[in-house]
Amino acid sequence: MRGLKPARNQVAQALFKPTRFIHLNHVVKLLKVSADTKNLVLGKSIHSHLIVINQTSLGSSIQPLNSLINLYVKCNQIPAAQKVFERMPERNLVSWCSLMVGYLQTGFSLEVLKLFKNMVLGDGLKPNEYVIAVVFSACSDSGKALEGRQFHGFVVKSGLAFHQYVKNALINMYSKFSDAEGAMRVFSLVPGYDVYSYNSVLSGLLQQGFLNEAVQVLDRMMGEGVKWDSVTYVTVFGLCACLKDLNLGLQVHCRIMKRDLELDVFVNSAIINMYGKCGEVFNARKAFDGLKVRNVVVWTGIMAAYFQNGCFEEALNLFSDMKIDDISPNEFTFAVMLNSTAGLSALRHGDVLYGEIIKSGFMDHVIVGNALINMYAKCGNIGAASEVFSDMICRDCITWNVMISGYSHHGLGKEAMAVFHDMLAEGESPNYVTFVGVLSACSHLGLVKEGLYYLNQFMKTVGVEPGLEHYTCVVGLLSKAGLLDEAEKFLRSIPVKCDVVAWRTLLSACHVHRNYGFGRRIAEFVLEMDPNDVGTYTLLSNIYAKAKRWDGVVKIRKLMRERNVKKEPGVSWIEMRNVTHVFVSDDCQHPESIQIYEKVKELLARIKPLGYIPDVAAVLHDVEEEQKEDYLSYHSEKLAIAYGLMHAPFEAPIRVFKNLRMCEDCHSATKLISKLTNRTIIVRDANRFHSFWNGCCSCADYW
DNA sequence: TTAGGGTTAG
């Protein structure tokens, strides 16, 4: 296709020999070629020739002047087009329409609507299907929903609503207004569809999350045998990705391969994305490896696929490969990188990325700022997260959410609520996720009344439907405040199906409040619901141990064996000078393990006078009494903390990460170690952050 | 005339 352009261009240039007696049709044809090939130089020389010869028949007749407007519009010279338009002694529909297209394409959609008004009221012209389609597009681009709908009514009366262009523009408009119903109405009521109508409907439904409806439309499209274009493929792969429907994705991919279609880079990245979202990193990689042309989007897509499937290191490694390939990262790439860094809790690596982002000038992108806040919050540096937040020039809803939930995870309820109130004051609308953070902040602060107010009243007034996560937060809120009966009653009354997580929230509250009878009843109920929930076995076993009900402990262990439920081993890790040191409980793999074990022993001996009592009840009863302390001493987080104290620079906070929830013994030991050593120790467990300082923890012993 | 890919919050 591309080869055709210079050829046509050359022909046009050869044909254009300035004479006094140039024919009108000739001029129009030459201008059309100049416009189509965006040859502004040729177009301008024809224009100047027209001015020089000043032939009345040519210089003032409509057709060549319309061609001039079209030329300037196609070459993005809107002021020049406007000038020609203004000097026309007489205009027809095409003159108006061409100029309107120019303004539409350059983003001045309000100007289009003004022109339309002048055309109808000033020149008394009746719009045709082209003009109508342009006006609908201008309404969608400028968000003029009311005007768009009114104009739709006008068009129906004028009888032009059946034209294919108009129909497609209408479907697109309703899709852009997030009015999937309106789009579907046009689509269903008016007969006759082409691939464009289907693409518009499908992408509208997809964007608004009406996935089942999109599948129905796709079925219909296939039934009618409409030929797919590359946009259809992109949209359908997007649909598969949202549905996580690997089967459908594979079918569509096979369809492409069977037909041996040439794929553009858009379709290829949609394929990589589909496999990534469906959990098929290997297939995503295969698609990626087969590409001849890889741009930044394809690279970012494959990194995102690795990230989404938990392969954080692979994602980070691809970053260097991409640079070797001479492709520069953009804001999306940095967002994926920061997320992978957060997944590894690699704070140092995050700092390095931050520097690179500043250098490459992507700091002012909202998604980069958001991902930075998220990274710092997840890596345990909430101070740095809040600094990035304060420095951000542009914020969106996610910015506020990430800061609110970041503070909440760190147990900083007051700070989280302050951010939430600022958010409202600045006119940003809270959404579903906002309230997950807000309700969990209420729970940290023990604000029962406020939390229930947000759930029952405030969320309704801002139009957010409460979901399972919110109900779970409220269960946490009630049970933390000691209202265990209310929490259970609440949980049994919620209008959505609840999962093990919600019940486990109540269960761990029973444990903290030492209400073992209640806890046992709940735990047994949860195990009936999910006989494989390891966390519940652990909690129930702890409850029995606390009550010295050894028969119960034995029963649980037997049950776990019978059901083949295995406890995940506790793993902790700490980053030290860019190296991550991993510790498993009771493990001696680390080259310095002898020194580390000695350090733990020394620390525990020194905190005993400060009030440390080893929680031997939590250890299985059949262990010899004198061995019980050893069982507790070498939990992975104690090893990691000891290593941190041995090697971290003085005054630097010790940041440790753990795969499971911290046990009570480690928690009370760490509080005292922070006091003994005068150090801040931050532990991220499976649930939240604990920030230990001077003998206290930010969780206030509730986790 | 209309339509399309990668990203961030729980």
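Quick caveat: nothing in here was measured; it's all calculated off a predicted structure. Chain A is the first sequence line, chain B the second, and so forth, proteins listed ahead of strands; every chain is numbered from 1.
For A:His163, the ring-ring contact (aromatic ring centres under 6.0 Å, His included) partners are A:Tyr165, not counting sequence neighbours. Shown here are the ring-ring contact (aromatic ring centres under 6.0 Å, His included) partners of A:Phe282, two or more places apart in sequence or in another chain: there are none. Listed by chain and number, the residues in a side chain to side chain donor-acceptor pair (under 3.5 Å) with A:Arg661 amount to none (sequence neighbours excluded). Every ring-ring contact (aromatic ring centres under 6.0 Å, His included) that A:Tyr454 has, sequence neighbours left out, goes to A:Phe420, A:Phe458. Residues meeting the ring-ring contact (aromatic ring centres under 6.0 Å, His included) test with A:Phe362, sequence neighbours left out: A:Phe334, A:His365.
Residue A:Lys277 has a polar side-chain atom (N or O) positioned under 4.0 Å from OP1 or OP2 of B:dT7.
Residue contacts shown for A:Asn268 are absent, as no nucleic acid heavy atom lies under 4.0 Å away. A:Leu263 comes within 4.0 angstrom of nothing in the nucleic acid, heavy atoms only. Within the 4.0 angstrom heavy-atom criterion, base atoms lie near A:Val297. Among the atoms of the strands shown, only primed sugar atoms or phosphate atoms (P, OP1, OP2) are found under 4.0 Å from some heavy atom of A:Val336. In this structure, A:Phe288 reaches neither bases nor backbone, as no heavy-atom distance under 4.0 Å exists between it and the strands shown. Among the atoms of the strands shown, none is found under 4.0 Å from any heavy atom of A:Tyr130. Contacts of A:Val368 with the nucleic acid, taken as non-hydrogen atoms under 4.0 Å apart, are absent. The residue A:Asn128 sits apart from the nucleic acid: no heavy atom pair falls under 4.0 Å.
Nearest nucleotide to the A:Gln207 side chain, out of B:dG4, B:dT8, B:dT1: B:dG4. Proximity note for A:Asn330 (side chain, C-beta onward) versus B:dG6, B:dT2, B:dG4: the nearest is B:dG6. Comparing B:dA3, B:dT1, B:dG5 by their nearest atom to the side chain of A:Ser269 picks out B:dG5.
A perpendicular orientation is assigned to the rings of A:Phe657 and A:Phe689, their planes being inclined by more than 60° (bins at 30° and 60°).
Taking every heavy atom of residues 231-241 of chain A and every atom of DNA chain B, pairs under 4.0 Å involve A:Val231, A:Val234, by number.
A stacked arrangement is not assigned to A:Phe332 and the six-membered base ring of B:dG6, the conditions of a centre distance below 5.5 Å and an interplanar angle below 30° not being jointly met.
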